[in-house]
Amino acid sequence: MSEADQPFMFPPEASRPDSDALYLELGAWEGPLDLLLDLARRQKVDLRQISILALVDQYLTYIERAGAMKLELAADYLVMAAWLAYLKSAMLLPKEEQEDPSPEELALRLQLRLQRLGAMREAAGRLMGRDRIGRDVFLRGSPEGLRTDRKTVWRSDLFSLIQAYGQVKARTAPRIYHVANRPVMTLDSALERVAAMLGVTLEWMEIRDFLPPHASPELKRSALASSFVAALELAKRGRAELEQEAAFAPLRIRRLKDGTGQGLGA
Amino acid sequence: MSEAEPDPLERAIEATLFAAEAPMTVDALAAHLGDAAPGDVRAALATLTARYGPRGVHLVERGGRWHFETAPDLAHLLRREKEQVRRLSRAATEVLAIIAYHEPVSRAEIESIRGVQTSAGTLDVLMEAGWVKPAGRREVPGRPVIYATTPEFLDHFGLASRRDLSGIDELRAAGLLDPVDEAMEAAMRFDPDEPDEAESDDEDPS
Amino acid sequence: MSEAEPDPLERAIEATLFAAEAPMTVDALAAHLGDAAPGDVRAALATLTARYGPRGVHLVERGGRWHFETAPDLAHLLRREKEQVRRLSRAATEVLAIIAYHEPVSRAEIESIRGVQTSAGTLDVLMEAGWVKPAGRREVPGRPVIYATTPEFLDHFGLASRRDLSGIDELRAAGLLDPVDEAMEAAMRFDPDEPDEAESDDEDPS
């Protein structure tokens, strides 16, 4: 349980018999409170019954002797010494001359602080004396280790599947239908058609006569536009000529006699 | 619980093998335990082996070295699988539907049907779910991988076969199962003299 | 050897805790074992603890988490090669004790008990060891960080809970865990004229 080398375990008085040993430990204390606690321990009484006056005397003696030995003392030890000297003189005064807070209160406060520090120091010693992992008890040297593999189980259903497919189709289908529902005559087919029909005669023909006779109104509009462009194209190539008597009058077209029109119908 | 007073050597061996970082030979154990005779160690190991026999942890010898290990029938405890049920995302459902209706299909074909890019993770999810698998490569430039559904797919969706995918016949009759490009082309090829005649059905996409 | 047919849950817990790399809570155990009820796990742990009591390896609870460790009385067998424990300075030891007994506690409170400043490294050492962690801020001017111990602290020092800290109840009852100001007030109210004869001596905190 106890470890002799733990500095806070306060071994029996025998191991620190004289005050000369005390001076050798200068620097072993963590501040004046620590030194005071050590001195209080040497009174071998419960910290609650400690004689503060005796403690003050011991502290002042210690500081004096350290000074005589020309040991370097940290400032806070000297501050504590001054404060304790004041406390001592105040405690020796008659009660009615005491100020507030009374020296008794100051002494009590010091005593309470020493009790608290003492309690924690002992607690620390007991804590370190417990069965510690890696010193007193040991864990398994080479545990196999646990592993949890997370696995996702996916879930869906037939309705979602078909619905998703329907949505894909609905999203992409319109492009197909719009084209199919809008009949058009392409420029290429109009060119072919107009050129072929021009090959039949040298007479003027109205452009309306080139349109497919049984076509739907939509197709007729498309055919008219395409045939018009086709007529312009043939005129540009020098294979046909166009005439129109007035604005919005019927547009007429005729094969050019000396053109290469013969080949057009072939 | 157990017997009144365990043998000190047994306890020492238990603790030593438990804390050891590697299996130990009888000699190493005897040396470690100070003045133990190898014969005594051997006897104690035999007792301990029998003692741990029915337990969740066994004392075993492997190649002359002794150690504790988990009972073989409990090995599954060391690597547990935790299942987490998740609903398939909409994008993944769409891709799955396209594969189911059109299989085998390449990723490019899936994308052309969906009209959007398919993230790499989506196909992974479907393969992780076990519903889709690679089914070879299409013999076209680039040799893209093509995908098809699995028997687990039919299982999960309660289908006897892909023909049971409801609506597939109706969808096909409506021309909805043809690749978009083909349908477009067919529409463009439209003959101005006979606008009402639908394009011929030269390929069965299923 | 032992009883005829060990309980399957006991075996599973044995195997799991033997294999685990870190202590496990009852809930973690129950979850790992799939469908085990925490109550059953608790009962099995109690049986196992008793069962391993006399053996060289013990089953222990530390801060609500369970693990196997070697029996403390066998430390001498294992210590010689395996001393791996961190040696703490006296200051770090004291600070750790103060945090454990007072938690949560601010640095200023620690310093007022010790009567000296705490060097920056001291708390760092304790936090690096994983025994102490910041636990929020005290809602007073300056909002100082307050510190508390961790489950690893309980684990390392073999404490089932902070209630196991030796003497903590007595110290609390004696007011030794209260700040000096509070104790002063109480003492002054008690008998302002005779401060040396403070509360009767019913307990020695050491």
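Because only heavy atoms are used, hydrogens play no part in the values below, and waters and symmetry mates are left out as well, while side chains stay in. Throughout, protein chains are lettered first and strands after them, A, B, ... in sequence-line order, and every chain is numbered starting at 1.
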**Message:** Checking P23(C) now: which residues fulfil side-chain contact (heavy atoms from CB on, under 4.5 Å) with it, not counting sequence neighbours?
**Reply:**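 Applying side-chain contact (heavy atoms from CB on, under 4.5 Å) to P23(C) gives R65(C), H67(C), D155(C).
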
Taking all heavy atoms of [X] and all of [Y], pick out the closest pair and write down the distance.
{"X": "L48(B)", "Y": "R55(C)", "value": "CD2-NH2, 3.4 Å"}
{"X": "P6(C)", "Y": "P54(B)", "value": "CG-O, 3.0 Å"}
{"X": "T16(C)", "Y": "L77(B)", "value": "OG1-CD1, 3.7 Å"}
{"X": "T70(B)", "Y": "A15(C)", "value": "CG2-CB, 3.5 Å"}
{"X": "V57(C)", "Y": "E14(B)", "value": "CG2-O, 3.8 Å"}

**Prompt:** Side chain, backbone, both or neither: which part of I13(C) has an atom under 4.5 Å from a heavy atom of chain B?
**Reply:**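 The answer is neither part of I13(C).
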
**Message:** At a 4.5 Å cut-off on heavy atoms, which part of D7(C) comes close to chain B: side chain, backbone, both, or neither?
**Reply:**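 For D7(C), there is no contact with chain B at all, as no heavy atom is under 4.5 Å.
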
**Prompt:** In terms of heavy-atom contacts, does CD of Q117(C) have more than 12 from other residues, nucleotides or ligands at under 6.0 Å?
**Reply:**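 No, because the 6.0 Å sphere around CD of Q117(C) holds 12 heavy atoms or fewer from other groups.
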
**Asked** In this structure, are over 12 heavy atoms from other groups packed under 6.0 Å from E139(C) atom CD?
**Response**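 More than 12 within 6.0 Å, yes.
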
**Message:** Let's test your reading of the structure: which of P8(B), G56(B), G53(B) forms the most heavy-atom pairs below 4.5 Å with chain C?
**Reply:**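 So the answer, after comparing P8(B), G56(B), G53(B), is G56(B).
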
**Asked** Is it the backbone or the side chain of H76(B) that comes under 4.5 Å from a heavy atom of chain C, or both, or neither?
**Response**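 H76(B) has no heavy atom closer than 4.5 Å to chain C.
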
**Request:** Fit a plane to each ring of F18(B) and F18(C), take the angle between them on a 0 to 90° scale, and name the class: parallel (under 30°), tilted (30 to 60°) or perpendicular (over 60°).
**Result:**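 Ring orientation of F18(B) relative to F18(C): perpendicular.
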
**Prompt:** Of all the residues in residues 101-115 of chain C, which have a heavy atom that comes within less than 4.5 Å of a heavy atom in chain B?
**Reply:**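 None at all.
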
